[in-house]
A.B. asks: 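I have a structure I would like to understand better, so I am pasting it below and will then ask my questions one at a time.
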Amino acid sequence: MAQALRQGGDVVCAVRGLTKTYPAVRGRRGAPGTPAVRATDDVRLDIRRGEIFGLLGPNGAGKSTLVRQLTGLMRPDAGRVEILGHDIVRHPERAARILAYLGQESSALDELTVSLAAETTGRLRGLEARQARAERDAVLEELGLTAIAGRPLKKLSGGQRRLACLAAALVGERPLLVLDEPTTGMDPVARRAVWAAVDRRRAERGTTVLLVTHNVIEAETVLDRVAVLDQGRVIACDTPAGLKEQVAGEVRVELVWREAAPLHVPEVAVLRERAVESGRRWTLRLAPEEARTVVATVTGGSAFAALDDFTLATPSLEDVYLALGGAARQGLVKA
Amino acid sequence: MRMGQDDCRSEKEQPDVSVVSADVLPGSALPAGEEAAGAAELGPRARMWPSLVAVYRAQLSRARFARIPLLFVATFQSIGIMILMRGVVDGGGEAESVVAGASVLVVAFVALNLLAQYFGQLRASGGLDHYATLPVPPAAVVLGAAGAYASFTVPGTVVTAVFGCVLFGLPLAHLWILAAVIPLAGAALSGLGAALGLLAPRPELATLLGQLGMSAALLLGVLPADRMPEAVRFARDLLPSTYGVEALARTFGDHPDWAIVLGDLAVCGAVGVVSLAVATWAYRRAAVR
């Protein structure tokens, strides 16, 4: 298999048959037990050099568990992970010397200043003192953190703290960056700084990025390829555009009613069965022909009086996820 | 001394999260077979001493933002206890035990109790992932944090000892022994605290164990030993802080028996080495699940 893995040549991270099951927890008095959960189920992935590869899925899909196995933080029950030719399952400690990881937790850095968090992380990544300080200054400047370098992470807003943690992850060059929801809580300016920093590393050094996200818009705009995870399984893996082609035959219609839906109109009453209702909002996934008819119906006649707003949109990755049989109906974030 | 050994060792051995043979070191031949060709060069490993210093410095800086719990609470507690005990003990040997016990209690509060809480919370919140995904020797993380927590106890212990000496009219002449008592008792108690924090399955349990350890140091260290029943005295002998207390208490006399003082300090040092080794093992265990 190792031969097969290397045939791609440019494959930075190859995952085969990765399986991890969390054991069942027996219920105690007052607390019900939980059955065994297969957090990753026979996962197979190839991440190529220089690409931004995304793991997309709702909360609990197994994204973080998968990433923890790729970074050597968790041992899989079965399967292989090979990063740049190194077997991470057999030698998990090598992961720390190949990749930089931005986890979801900042508690190890919370009481440090932004500056010291970045510098210390650089030192622990094996940099000499002078080099660590120089890289710290460069990264803080790059991410626009210089002004708050002397403040402890604890006192920063969620987005700023996240950015400071990313700064720590970027001090000390690594060919692979594993970023678990890096832009959570960030404003658009900070987000742009993140993607600019990632792009620069990719352009200058051919850095590969594995990105965990549950944000559909972000996935569509920044990812080269995306694996869609559902209940621990990869249910699709392609470019965002390629995935959307799978549901190209569908159009999403969103109807917003002023108060209640005009169910006295027979056409609207029929539509109700196919709509996902969320308060005054109905979401329908329809063939283009059907969509045209629906729009004609609700924009004319007595239904129009009850209509507040409507949109007609081409499919997003969220539609792909639902079309592929994703279990969570409202799991993905659009923001 | 121990750190020096580790420093040397890290040059030759693999001190990382799991055991790997020397053939993975850069420049040496990779194992025959699948990984022999095409494996990328690994980034540098952080060396023992520089990473220990980096962790120590980072931990020490936390005192700037958590000054009250780390530096003041323990001192106030110990001074309060000495004032209370003033009405109970009648000078002499008992006063020496009270002052020594209250001083070492500062070490127990910070190095054992607070460090157990810190590692317990770090482990529960996933904060250990940060260190586990850096190529840093586990001993550097544990020793750096333990060293910083032992350092936090210095001002409080000194203030408590001086205040106690003045309060009970004891000589200040041999207080320099604190320069040995604080690091050695600090090593023993912070090693114990780190091990408890990293081994406890839940953070509340780590907090509880830290509190219990400190309470034991309080009851068994501050109260004069002569008045205790046999069983309690045996428990007192098992507690590492006792030897720090004894060493300090003996130096208040006119002609301290330095051999016994040295013996007590050696026990502290030995417990320190063992407990820090256990804590390092516990860290490795907690870092990869």
Side-chain angles (χ1 to χ4, degrees), chain A residues 1-3 5-6 9 12 68 71-75 82-87 90-113 116-117 119-129 132 152 154-155 165 168-169 172-176 178 180, chain B residues 14-21 24 26 30-31 33-47 50-66 118 121-138 140-141 144 284 287-289:
Chain A
M1 188 181 69
Q3 292 298 322
L5 296 193
R6 211 163 290 116
V12 168
R68 291 177 61 81
T71 50
L73 287 170
M74 184 186 274
R75 287 177 201 277
E82 195 175 291
I83 301 179
L84 289 166
H86 295 278
D87 183 343
R90 263 172 59 201
H91 308 290
E93 77 292 336
R94 289 190 199 171
R97 297 166 67 187
I98 302 175
L99 57 85
Y101 171 62
L102 172 66
Q104 292 193 21
E105 273 303 325
S106 64
S107 54
L109 302 174
D110 269 347
E111 282 164 322
L112 308 184
T113 62
L116 191 59
E119 182 189 337
T120 305
T121 308
R123 292 287 274 146
L124 299 184
R125 206 166 269 137
L127 298 184
E128 294 299 322
K154 225 178 177 175
K155 299 272 167 73
C165 290
E173 190 190 331
R174 287 287 188 264
L176 175 62
V178 180
D180 195 343
Chain B
Q14 163 61 270
D16 265 321
V17 176
S18 71
V19 180
V20 175
S21 55
V24 302
L30 281 160
E34 54 203 4
E35 288 178 356
E41 199 183 325
L42 296 167
R45 186 184 287 143
R47 282 175 297 127
S51 14
L52 197 161
V53 172
V55 172
Y56 176 78
R57 196 175 143 230
Q59 291 288 343
L60 213 57
S61 83
R62 295 177 48 225
R64 272 172 62 196
F65 309 108
Y118 175 72
Q121 281 161 10
L122 201 60
R123 182 184 165 192
S125 69
L128 286 181
D129 290 358
H130 176 73
Y131 293 110
T133 50
L134 293 169
V136 52
V141 178
R284 286 176 201 229
V288 177
R289 273 166 281 175

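Every value quoted in this text rests on a predicted model; they were computed, and no experiment measured them. Order of the sequence lines sets the chain letters (A, B, ...), proteins ahead of strands, with each chain counted from 1.
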A.B. asks: Heavy-atom distance under 4.5 Å to chain B: side chain of A/I83, backbone, both or neither?
C.D. replies: neither
A.B. asks: Could you look at A/Q104 and say if it's the side chain, the backbone, both or neither that has a heavy atom under 4.5 Å from chain B?
C.D. replies: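 Contact with chain B is absent: no heavy atom of A/Q104 under 4.5 Å.
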A.B. asks: Taking it one step at a time, do A/L116 and B/R57 satisfy side chain to side chain contact (heavy atoms under 4.5 Å, CB included)?
C.D. replies: CA-CA 9 Å; A/L116 191 59; B/R57 196 175 143 230; 3.7 Å; yes
A.B. asks: Looking at chain B, which one of A/T113, A/L127, A/L124, A/L112 has the largest number of heavy-atom pairs inside 4.5 Å, strictly under?
C.D. replies: A/L124
A.B. asks: Side chain, backbone, both or neither: which part of A/E119 has a heavy atom under 4.5 Å from chain B?
C.D. replies: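 When you check distances to chain B, only side chain atoms of A/E119 fall under 4.5 Å.
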A.B. asks: Of all of A/I98, A/T121, A/T71, which one pairs up most often with chain B through heavy atoms under 4.5 Å apart?
C.D. replies: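 With the most close heavy-atom pairs to chain B, the winner is A/T121.
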A.B. asks: List the atom of A/G72, the atom of A/A95, and the distance in Å for their closest heavy-atom pair.
C.D. replies: N-CB, 4.2 Å
A.B. asks: With sequence neighbours left out, write down each residue that passes salt bridge (Lys or Arg N to Asp or Glu O under 4.0 Å) with A/K155, or none if nothing qualifies.
C.D. replies: none
A.B. asks: So which of B/A140, B/G127, B/S125 has the biggest tally of heavy-atom pairs under 4.5 Å with chain A?
C.D. replies: B/S125
A.B. asks: Just jot down the side chain to side chain donor-acceptor pair (under 3.5 Å) partners of A/S106, sequence neighbours excluded, or say none.
C.D. replies: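 In terms of side chain to side chain donor-acceptor pair (under 3.5 Å), with neighbours along the sequence ignored, A/S106 is linked to A/D110.
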A.B. asks: Give the intermediate values and the outcome of side chain to side chain contact (heavy atoms under 4.5 Å, CB included) for residues A/L176 and A/L84.
C.D. replies: CA-CA 9 Å; A/L176 175 62; A/L84 289 166; 5.5 Å; no
